[in-house]
Amino acid sequence: MNNLTMLYVEDDIDVLQDTLFLLGDYFKTSYTAQDGKTALKLFNERKPDIILLDINLPLMNGLDVAREIRATDSDIPIIMISAYSDKDKLLDAINIGVSSYIVKPFKIAEIKETIEKLIEKQSENQEKFLEVEFLWKSRTEKLFYKKEEISLTKNEILLMKLLCENKQIFFTPHELALEMFSDSKKSDDSNNATQLISRFKKKVLKSTDTKEFFIENVYGAGYRIKIKMIATEEG
């Protein structure tokens, strides 16, 4: 079991339940929908890591759902599923940018292999650090501690993105302020960044059982993510 989540969209309840039973162990959480509009609502609310999407859906078909998702997220893997008679829609799916295409009735081994490859790829977009207790998911911009999500403010997300994308670089408080608060009248106020990190540290230490914080402050150099951070290959 890993920290990834899946959105599975299928209007046939029997197929949905059977497939979910086969794939449930691959994901921490699986969200389900039986129509296109509900699928879009869940996507926007839950920000899943992988989408398993049937083409023929009520209210909004799978191709239109995929187009809507791609308008705001160009990276999330989408596996499109269709009946054999819908293979002519393959070109549309490719043009939308789906990651994979599976024809019903699919074989168990086929869909599992597809899921496993996408999970491996998605895991490359995650970072584990501090002896793998913390996990940062860069695509969904979420932070976890022992698989429990830590709620982040907008500025905390900006801070995590900046530091995780520049793991070997130290940022002075002034540099952090310029990077994060460039639209603020106080963009040159280093206290903005210092106070943000101080509050963030207190929140993390209070909400977890760890005594270590993953952002280090080196005198004369600045702040950075602790160099214990390593790439994860969860599976």
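Between Leu4 atom CG and Leu118 atom CG the span is 10.0 Å, to the nearest 0.5 Å. A distance of 11.0 Å separates CG of Leu57 from CG of Asp12, quoted to the nearest 0.5 Å. Expressed to the nearest 0.5 Å, how far CD1 of Ile150 lies from CG of Leu135 amounts to 10.5 Å. To the nearest 0.5 angstrom, Leu152 atom CG is 9.5 Å from Leu159 atom CG. With values rounded to the nearest 0.5 angstrom, Thr5 atom OG1 is found 8.5 Å from Ile50 atom CD1. Atom-to-atom distance recorded for Asn155:CG and Gln195:CD is 12.0 Å, nearest 0.5 angstrom.
Side-chain atoms of Thr114 come within 3.5 Å of backbone N or O of Glu110 as a donor-acceptor pair. At least one donor-acceptor pair under 3.5 Å links the side chain of Ser99 to the backbone N or O of Ile78. Side-chain atoms of Arg70 come within 3.5 Å of backbone N or O of Ile76 as a donor-acceptor pair. For Thr19 (side chain) and Leu16 (main-chain N/O), no donor-acceptor pair under 3.5 Å exists by modelled atom type. A donor-acceptor contact shorter than 3.5 Å is absent between the side chain of Asn217 and the backbone of Tyr223. With hydrogens and angles disregarded, no donor-acceptor distance shorter than 3.5 Å links the side chain of Lys137 to the backbone of Phe144.
The side-chain contact (heavy atoms from CB on, under 4.5 Å) check on Asp35 picks up Lys37, Thr38, Pro58, Leu59, with sequence neighbours excluded. In this structure, Asn166 has no side-chain hydrogen bond (donor to acceptor under 3.5 Å, both in side chains) partners at least two apart in sequence or on a different chain. With sequence neighbours excluded, no residue forms a ring-ring contact (aromatic ring centres under 6.0 Å, His included) with Tyr31.
Criterion: ILVMFWY side-chain heavy atoms under 4.5 Å apart, direct or through other members. Under it, Met60 and Ile96 are part of a common hydrophobic cluster. Linking Ile, Leu, Val, Met, Phe, Trp and Tyr whenever their side-chain heavy atoms come within less than 4.5 Å leaves Phe170 and Phe200 in two separate clusters.
Contact check for Phe213 versus Ile197: side-chain heavy atoms found under the 4.5 Å cut-off. By the 4.5 Å heavy-atom criterion applied to side chains, Met160 and Glu141 are not counted as neighbours. By the 4.5 Å heavy-atom criterion applied to side chains, Leu52 and Leu23 are counted as neighbours. Under the 4.5 Å side-chain criterion, counting only non-hydrogen atoms from C-beta, Glu148 is not in contact with Thr208. Between Leu205 and Thr210, some side-chain heavy-atom pair lies under the 4.5 Å cut-off. Side chains of Leu53 and Phe43 form no contact here, defined as non-hydrogen atoms less than 4.5 Å apart. Lys142 is not listed as a side-chain neighbour of Trp136, based on a closest heavy-atom distance of 4.5 Å or more. Contact of the Asp64 side chain with the Glu68 side chain is not registered, since no non-hydrogen atoms from C-beta on lie closer than 4.5 Å.
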>> For Ile119 and Phe27: C-alpha separation, side-chain torsions, deciding distance, then whether side chain to side chain contact (heavy atoms under 4.5 Å, CB included) applies.
In response: CA-CA 9 Å; Ile119 287 176; Phe27 300 96; 4.2 Å; yes

> Yes or no on side chain to side chain contact (heavy atoms under 4.5 Å, CB included) for Val65 and Ile69, after CA distance, side-chain angles and deciding distance?
Replying inline: CA-CA 6 Å; Val65 172; Ile69 290 172; 3.8 Å; yes

> So Leu63 and Met80, side chain to side chain contact (heavy atoms under 4.5 Å, CB included) or not? Walk me through it.
Replying inline: CA-CA 8 Å; Leu63 291 173; Met80 191 70 75; 3.9 Å; yes

> What's the verdict on side chain to side chain contact (heavy atoms under 4.5 Å, CB included) for Val15 and Asp54, showing C-alpha distance, side-chain angles and the deciding distance?
Replying inline: CA-CA 11 Å; Val15 174; Asp54 192 65; over 6 Å; no

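Scanning both residues, Ala33 and Leu42, for their nearest heavy atoms gives CB-CD1, 4.0 Å. The shortest non-hydrogen separation linking Lys167 to Arg224 is O-CD, 3.9 Å. Of all heavy-atom pairs between Leu176 and Ala193, the closest is CB-CB, 3.6 Å. Nearest heavy-atom pair, Met6 versus Pro48, reported as atom, atom and distance to 0.1 Å: C-CB, 4.1 Å. The minimum heavy-atom distance linking Glu156 with Leu196 is given by the pair CG-CD1, 4.0 Å. For the pair Ser82 and Ile55, the tightest heavy-atom approach, listed with the atom from each and the gap, is CB-CD1, 3.7 Å.
Within a 6.0 Å sphere centred on CG of Leu22, other residues, nucleotides and ligands contribute more than 12 heavy atoms. Summarising the local packing, NZ of Lys203 is surrounded by more than 12 heavy atoms from other residues, nucleotides or ligands at distances under 6.0 Å.
Checked for salt-bridge contact, Lys28 and Glu149 miss the test: no charged N lies under 4.0 Å from a carboxylate O. Using a 4.0 Å cut-off between charged side-chain N and carboxylate O, Lys117 and Glu113 make a salt bridge.
The aromatic rings of Phe134 and Tyr145 lie tilted to each other, with the angle between the two planes from 30° to 60°.
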